[in-house]
Amino acid sequence: RGKYFLRLLNRPVKGDDGVITCFRDGEVTLRSNRREEGFTFSFKECGYQGVEPGDLVVHGMDGFAGSIGISDSRGKASPVLNILDTEHDKRYVMYYLRSMAYGDVFTSIASGIRVRSCDLRWNKLAELRYPLPSLREEKEIADHIERECNKVEKMVAKCREELLGNVMPFWMKYGWDRTNGGVYPCLARDGSLMDSTKSVWFQGRFGWMASYAYNHVKKDKQWLAASKSCCEFLEKHCFDRDGRAFFEVTAEGVGLRKRRYVFSECFAAMAYAEYALASGETAWARKAVSLFKRIRLFMSEPETYMPAK
């Protein structure tokens with residue numbers, strides 16, 4: 001159990017200490033190292049405690065979401081953080097606890113009703129059972145995890161570089177139809193147009209992709225504009241009178257053919273929803289919900305709404 005090998009610390013605060021935060025991605029650092037906006041500040045710092053580099057920190061409310069890490073800074077923290085020490089490999093304990101968080105173990109043992117939070121204070125950490133191999137094995141396990149994580153981080157960086165330097169510039173330059181709206185899907189590697197026919201599912205897919213990239217990669221207004229162009233093209237041209245989406249349309253948006261499945265509709269709903277998140281335009285969120293309900297109706301009565309040929 002945790003109480004037999006973990007120690008709960010309570011160091012005094014120093015006068016020049018900055019505030020330490022344990023973030024949900026596992027980083028434990030001074031707020032000044034990352035961001036200082038969006039936090040609630042105390043008028044009186046009751047119960048604050050000192051934190052040193054190398055301390056194992058478990059957030060007492062957000063630990064269930066991954067707020068578990070090892071501090072890289074000296075500072076002070078609110079009493080909601082569990083500041084821990086151990087003779088075992090702290091990285092091993094950290095990764096084990098984070099695996100429990102990602103596996104929803106802490107959520108399953110939660111005793112409160114607060115949404116998006118879970119009480120994970122010392123009394124629970126002390127009673128949890130932990131597998132403890134030898135110190136050598138703990139270090140080997142932690143080293144292996146970090147090697148694999150480094151590989152993933154390098155791949156993420158490579159994908160980001162490709163997205164920013166190649167993928168998005170290519171489609172913004174050659175694919176986005178600024179005359180008719182939407183995007184051309186049939187391009188050669190040099191950007192030349194091979195076919196002006198527009199797949200409706202691709203309008204939704206690129207509309208979603210551009211907004212998702214805006215939300216998660218870079219706040220590029222051109223991407224947001226391209227996503228809106230796809231959503232507006234879908235809404236204006238890509239649905240037939242029966243509420244079903246076309247599968248292909250002309251460059252100007254004239255319907256060419258429909259298919260029996262709801263491939264196009266699903267991508268359109270995804271694009272509407274992601275664009276609503278990116279832009280804050282709630283009308284598109286309502287359109288996404290409405291379309292999703294139609295999709296469910298089509299799927300519930302396929303012989304009525306999607307008859308076989």
Side-chain angles (χ1 to χ4, degrees), residues 1-102 105-107 110 112 114-128 130 132 135 138-139 141-143 145-147 149-150 152-153 156-157 216:
R1 297 178 187 272
K3 60 186 176 183
Y4 297 124
F5 75 96
L6 293 173
R7 293 189 299 278
L8 181 66
L9 304 177
N10 188 15
R11 293 194 185 89
V13 172
K14 297 179 181 179
D16 60 348
D17 281 340
V19 178
I20 294 275
T21 294
C22 185
F23 293 91
R24 289 192 172 193
D25 61 5
E27 184 178 26
V28 183
T29 191
L30 289 164
R31 290 180 183 176
S32 59
N33 290 339
R34 184 153 167 174
R35 63 177 174 87
E36 296 190 278
E37 71 280 358
F39 292 103
T40 300
F41 290 90
S42 302
F43 288 109
K44 190 174 182 181
E45 296 178 344
C46 298
Y48 271 59
Q49 55 191 320
V51 182
E52 293 286 353
D55 284 348
L56 175 61
V57 180
V58 180
H59 200 298
M61 295 175 66
D62 289 346
F64 80 99
S67 295
I68 302 166
I70 296 174
S71 177
D72 64 10
S73 307
R74 163 70 207 191
K76 60 185 176 182
S78 80
V80 76
L81 299 189
N82 301 284
I83 314 301
L84 306 171
D85 194 15
T86 180
E87 299 301 320
H88 288 263
D89 192 302
K90 293 177 187 177
R91 298 172 304 150
Y92 169 82
V93 179
M94 174 192 70
Y95 288 129
Y96 177 71
L97 288 171
R98 293 185 74 186
S99 73
M100 295 180 75
Y102 298 144
V105 175
F106 298 139
T107 305
R114 183 171 176 172
V115 178
R116 297 183 71 246
S117 182
C118 174
D119 188 2
L120 191 59
R121 298 176 190 265
W122 172 244
N123 62 325
K124 288 187 178 179
L125 294 171
E127 294 301 321
L128 285 174
Y130 301 74
L132 295 176
L135 288 174
E138 289 179 0
K139 182 179 184 303
I141 291 170
D143 287 345
I145 291 172
E146 291 182 351
R147 283 195 301 270
C149 287
N150 286 336
V152 172
E153 289 172 1
V156 169
H216 298 280

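In what follows, every heavy atom counts, from backbone to side chain, and hydrogens, waters and symmetry copies are set aside.
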Minimum-distance pair of heavy atoms, taken over all atoms of [X] and [Y]:
| X | Y | answer |
| --- | --- | --- |
| Ala101 | Ile68 | CB-CD1, 4.4 Å |
| Glu127 | Arg1 | O-NH1, 3.1 Å |
| Ser71 | Ile20 | OG-CD1, 4.2 Å |
| Gly50 | Ile83 | O-CG2, 4.5 Å |
| Asp72 | Thr29 | OD1-OG1, 2.9 Å |
| Val57 | Val28 | CG2-CG1, 3.9 Å |

Does some side-chain heavy atom of [Y] sit less than 4.5 Å from a side-chain heavy atom of [X]?
| X | Y | result |
| --- | --- | --- |
| Arg91 | Asp143 | yes |
| Val58 | Trp122 | no |
| Ile141 | Glu138 | no |
| Leu84 | Leu8 | yes |
| Leu9 | Glu52 | no |
| Leu135 | Tyr92 | no |
| Tyr95 | Glu146 | yes |
| Met100 | Leu128 | yes |

Practice task
Step by step, work out the side-chain contact (heavy atoms from CB on, under 4.5 Å) result for Arg34 and Thr21.
Solution key: CA-CA 9 Å; Arg34 184 153 167 174; Thr21 294; over 6 Å; no
Handout entry: Separation between CG of Leu125 and CG of Leu6, rounded to the nearest 0.5 Å
Key =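 One gets 7.5 Å once the value is rounded to the nearest 0.5 Å.
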Practice task
Decide yes or no on side-chain contact (heavy atoms from CB on, under 4.5 Å) for Val19 and Lys76, but give the supporting numbers first.
Solution key: CA-CA 5 Å; Val19 178; Lys76 60 185 176 182; 4.0 Å; yes
Exercise for the section: Apply the side chain to side chain contact (heavy atoms under 4.5 Å, CB included) test between Ser67 and each candidate in Arg98, His59, Met61; give the one that qualifies. Expected result: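 When Arg98, His59, Met61 are each tested with Ser67, the side chain to side chain contact (heavy atoms under 4.5 Å, CB included) holds only for His59.
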Practice task
Look at Asp89 together with Lys139 and state whether they make a salt bridge at an N to O cut-off of under 4.0 Å.
Solution key: no
Problem - Option among Gln49, Arg74, Arg11 that satisfies the side-chain hydrogen bond (donor to acceptor under 3.5 Å, both in side chains) test with Asp55 - result: Arg11
Exercise for the section: With side-chain contact (heavy atoms from CB on, under 4.5 Å) as the test, would you mind laying out the steps for Cys22 and Asp62 before giving the verdict? Expected result: CA-CA 9 Å; Cys22 185; Asp62 289 346; over 6 Å; no
Practice task
Return the orientation label for the Tyr130 and Phe5 ring planes: parallel under 30°, perpendicular over 60°, tilted otherwise.
Solution key: perpendicular
